Each structure stands twice: as C-alpha cells, then as structure tokens.
Amino acid sequence: MAKDKTIYTCCECGGTSPKWLGKCPHCGAWNTLEETLAQTASASRNRFQSWAQSAPVTPLAQIEANEVRRTPTGLEELDRVLGGGIVEGGVVLIGGDPGIGKSTLLLQALDALSRSLPTLYVTGEESGAQVALRARRLGLDASQVRVQAETQLEKILATLAAERPAIAVIDSIQTLYSEQLSSAPGSVAQVRECAAHLTRSAKASGTAIVLVGHVTKEGALAGPRVLEHMVDTVLYFEGDTHSSFRLVRAIKNRFGAVNEIGVFAMTERGLKGVANPSAIFLSTHGAPVPGSCVLVTLEGTRPLLVEVQALVDSSPIPSPRRLSVGLEQNRLAMLLAVMHRHAGIACFDQDVFVNAVGGVRISEPAADLAVMLAIHSSLRGKALPRGFLTFGEVGLAGEVRPAPRGQERLKEAAKLGFSVAIVPKANAPKKPIEGLTIHPVERVEQAIELVRTLT
Ligand code: TYD
Ligand code: MG
C-alpha cells in the first residue's frame with residue numbers, strides 16, 4: 001500500500017517516476033527527484049467530477065465573452081506587465097532573486113490598492129513588525145493593508161474566506177506548508193499543493209492572488225515547473241546588483257501580452273516607475289561614441305538590448321590582432337572579410353577588438369550587423385546616431401539575412417526608447433512601430449551606405 005502512495009517528482013520539470021532515480025527520466029537533470037505523496041490522481045479526479053457537475057457543455061458561440069475586469073494597481077509600470085491591472089480571481093506568480101525588491105513592490109502596490117479595496121498581505125518570511133518597518137521606510141504610515149504573519153496553508157485559506165480581500169499577496173509560496181503533507185516547506189510537494197489550493201480558492205472566491213516565488217541559482221523559479229502552468233501570469237523580476245534599475249518582465253500572461261517589461265528604479269523610498277527607460281542605456285555615454293552599436297538579441301524567449309563595442313586601431317605588429325569578448329572569434333574574421341570584399345572596407349593593418357558590454361555572451365548570428373557597424377564606426381571615428389540599433393545575420397555573399405522574431409525585437413527596442421533601426425528587409429514590419437524609424441536593407445554595402453548618410 002505504501003508503495004503506490006509515494007512517487008518521486010522532479011523539482012526541475014515536475015515529471016514523476018514511481019521510484020527514485022539519480023537522473024530524471026523526463027528532463028535528464030541529476031539528483032532532482034524528491035519523494036512526494038501520490039495523491040494527485042484521486043484529487044484531480046474529484047476535481048473533474050465537481051467541474052462536470054457545475055459546468056454544462058455549451059457551444060462556444062453561445063458563451064458570453066466578457067472582458068475581464070481589471071483593477072489598476074496604481075503602479076503604471078506594473079500595470080503594463082500585468083496587461084492593464086489585476087484581474088479578479090487571477091493568480092500571479094512573481095519571481096526574482098532575493099533582495100531584488102519583490103516584497104517592496106508588492107507592498108507598494110497593495111497600499112495603493114487598499115485605498116479602495118480590501119487587501120491582505122500574508123508574510124511567511126518576515127514578522128509583522130518587519131513589514132511595518134518597511135512600510136514606514138516607504139512612507140506608507142497610514143497604510144490600511146491588512147497583514148498576517150502565517151505559513152500554514154489551512155489557516156491562510158481560512159483567513160482568505162473570512163476576510164474576503166479583493167487582492168492577497170502570499171510572500172512567499174516557498175515558506176507555506178500544508179498539514180496534509182509531511183514534507184518540509186519549500187519542497188516540491190508542498191509548493192505544488194499550496195499553490196493548487198490557493199489557485200482554487202482564488203478562482204472560487206474571485207480574490208486575486210499574487211504568489212511570490214524564489215529563483216534558483218540557474219534562474220528558474222524554484223519548486224516544480226508545474227507552478228508556472230497553474231497560474232495565470234508569471235512575472236520575473238530582473239536587475240543588476242550593481243545598478244538600481246529593475247525590470248519586471250511578463251513570461252506568461254493569460255490576460256495580456258508576454259514579453260512586456262516594466263522598468264523601476266530602487267530608491268531610498270521604494271521602487272519608482274521609470275517613465276523613459278532608454279535613459280538607463282543612454283546614460284552610460286553622455287553622447288553617442290564611435291565604435292558602439294546597440295543590438296537586440298534574443299535571450300531564450302526574451303529580447304535583450306546589448307551594446308557591442310569595437311575598437312579599431314593601427315597595429316604595431318605585422319599580423320594584426322583580432323580579439324572578441326562575448327562574441328564568436330571566427331565570425332569576427334569572417335565579418336572583416338565580408339566587409340572588405342563587399343563594402344570595400346579594409347582593416348588589414350588594424351587591430352580589431354570587439355566586446356559585448358556587461359559580460360553577456362552572444363552566440364546568435366543576428367549580432368553580425370551590429371558588430372560590423374561598430375567596427376565601421378570605430379574605423380571612421382564617427383558615432384552612430386543617438387537611439388540607433390540594429391540586428392541581422394551577414395552572409396558570405398554580402399547579403400543581410402533576417403533574424404527570428406524581428407517584430408518582437410523591434411517592439412522591445414521601441415519600448416526602451418530607441419528611434420532609428422537598420423534591419424534585414426524581411427524583418428521590416430508591415431505596420432509602422434511608433435517612435436521607431438526603420439531602414440530595411442538587403443546587403444551589407446547598403447547598410448554601410450545608409451550609416452554614412454545617417455551620421
Ligand atoms: P525586498 O523587497 O525585501 O526584496 P525581496 O522581497 O525580493 O527579497 O528588497 C529589499 C532590498 O531593497 C534591500 O536590499 C533594500 C532595498 N530597499 C531600498 O533600497 N529602498 C527601500 O525603500 C526599500 C524598502 C528597500
Ligand atoms: Mg521578500
């Protein structure tokens with residue numbers, strides 16, 4: 001009996017196995033299987049039964065498609081990633097490194113919402129006093145946010161039923177535990193069970209719930225990946241520890257667009273929305289400098305703006321150096337050959353150094369055009385225009401090939417305040433993108449010629 005009551009669940013992919021294995025048979029990760037209770041089968045069967053009883057089958061055309069009711073949080077940048085605001089009964093998972101500002105942001109949002117709606121902040125990580133201290137620091141002295149310091153799921157569910165808040169924040173899901181399970185808080189089984197109960201409660205009562213989740217070293221939300229499937233919206237909090245800027249990015253959103261980003265700055269008094277985020281990227285150079293070119297690359301599914309820098313300098317040695325950091329060395333040699341052959345630009349007696357700023361590694365060929373234009377800019381000693389960006393692969397025949405998901409890249413750039421772009425012809429959008437002047441090119445010589453007229 002005991003045998004079919006426990007299964008082993010992978011904390012990376014959520015896959016299950018009837019016995020313990022060193023390597024997960026689903027995702028291949030090592031040492032990720034944890035013992036969990038095999039109660040999902042009967043639980044989900046019960047769930048299906050109750051759904052079947054309460055929901056009749058209706059032709060799609062007869063179902064009223066009401067626009068979801070959204071409540072703006074009062075933080076414009078957060079609303080942008082949420083798709084306009086918090087949705088009734090919606091469940092949001094917000095992940096990010098420790099200390100990045102998740103609790104701060106949510107407390108600020110709750111305070112703004114508490115002016116018109118009942119709100120609840122459940123803290124499992126800090127005491128009520130610590131939350132109060134933070135609120136004072138944020139200048140929220142007369143805050144009406146109701147706070148509960150609790151980690152037991154059943155008690156939290158009871159509180160939710162009694163208080164009936166419009167929005168509740170659970171900080172964090174990894175600290176919760178259910179009495180039903182014997183495993184420790186933060187384990188796969190606990191996280192999944194707690195999230196499932198809270199999600200059901202949100203759907204039943206119409207309370208919007210925000211779950212705070214921790215991020216592992218690898219950058220994934222800790223706990224099983226199933227958490228991401230269970231919730232309506234997944235937001236990631238990103239930011240460099242060396243800067244005060246924070247990005248909130250929507251990875252999944254059933255009520256809005258993904259890849260939306262909200263930009264914040266961490267100040268002495270909490271997080272402030274940044275209305276003009278391009279300032280972050282332009283502030284590094286007071287004015288555009290020669291040898292610098294911004295490119296939009298795709299980090300997994302996320303577009304990311306990266307500055308490529310090149311330095312071309314006359315070489316003191318007979319065989320000049322070609323050095324690249326964060327970009328492929330062989331591609332650099334190839335690009336220099338293409339530049340010479342097709343655009344007539346020679347660097348035979350020059351050392352060429354290329355660097356992707358910020359320590360990122362770019363492996364996609366869509367960086368080619370940016371590298372080429374950065375080299376060209378350094379060679380001429382002329383900066384590219386302000387707000388300039390590019391992307392595109394360069395072929396040996398001198399053609400500029402399209403990059404995947406060009407629209408998304410351009411939209412991200414426009415969102416971040418970029419204004420001029422040279423892109424492969426096939427990536428030119430059919431509808432104009434607001435604030436962005438786009439120059440489609442088919443060949444490298446065309447791109448070089450365009451840059452000459454732009455600067
Ligand atoms: P916090 O919201 O506790 O992060 P998380 O919940 O994601 O772990 O953020 C804490 C950090 O933010 C901490 O390093 C101090 C900083 N901070 C400020 O700079 N200004 C502020 O007004 C507040 C409240 C925090
Ligand atoms: Mg916190």
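Both ligands and their constituent atoms are indexed starting at 1 by order of listing. Heavy atoms only: backbone and side chains are in, while hydrogens, waters and symmetry mates are out. From a predicted model like this one, the values you see are computed outputs, not experimental measurements.
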Given the options Val423, Val420, Thr390, His439 meets side-chain contact (heavy atoms from CB on, under 4.5 Å) only with Val420

Measure the shortest side-chain to side-chain distance between Tyr8 and Leu21 over non-hydrogen atoms and say whether it is less than 4.5 angstrom.
no

Under 3.5 Å, which donor-acceptor pairs do the side chains of residues 82-94 form with other protein atoms, sequence neighbours left out?
from	atom 1	to	atom 2	distance (Å)
Glu88	OE2	Arg69	NH2	3.2

Pairing of Arg331 and Glu328 as salt bridge, 4.0 angstrom limit:
no

If you take all heavy atoms of Ile433 and Ala414, which pair is closest and at what distance?
CG2-CB, 3.6 Å

Between Asp171 and Thr123: side-chain donor-acceptor atoms closer than 3.5 Å
no

Got the residues with a heavy atom under 4.0 Å of ligand 1, by chain and number?
Asp97, Pro98, Gly99, Ile100, Gly101, Lys102, Ser103, Thr104, Arg134, Arg137, Leu138, Met266, Thr267, Glu268, Arg269, Gly270

Below 4.5 Å, heavy atoms only, C-beta onward: do Leu305 and Phe418 meet side chain to side chain?
yes

Pairwise salt bridge (charged side-chain N to carboxylate O under 4.0 Å, His left out) hits with a residue in residues 19-34, at least two apart
none

Rounded distance [0.5 Å steps], CD in Glu77 versus CZ in Arg80
4.5 Å

Among protein atoms, how many N/O/S atoms lie less than 2.8 Å from the Mg ion (ligand 2)?
1

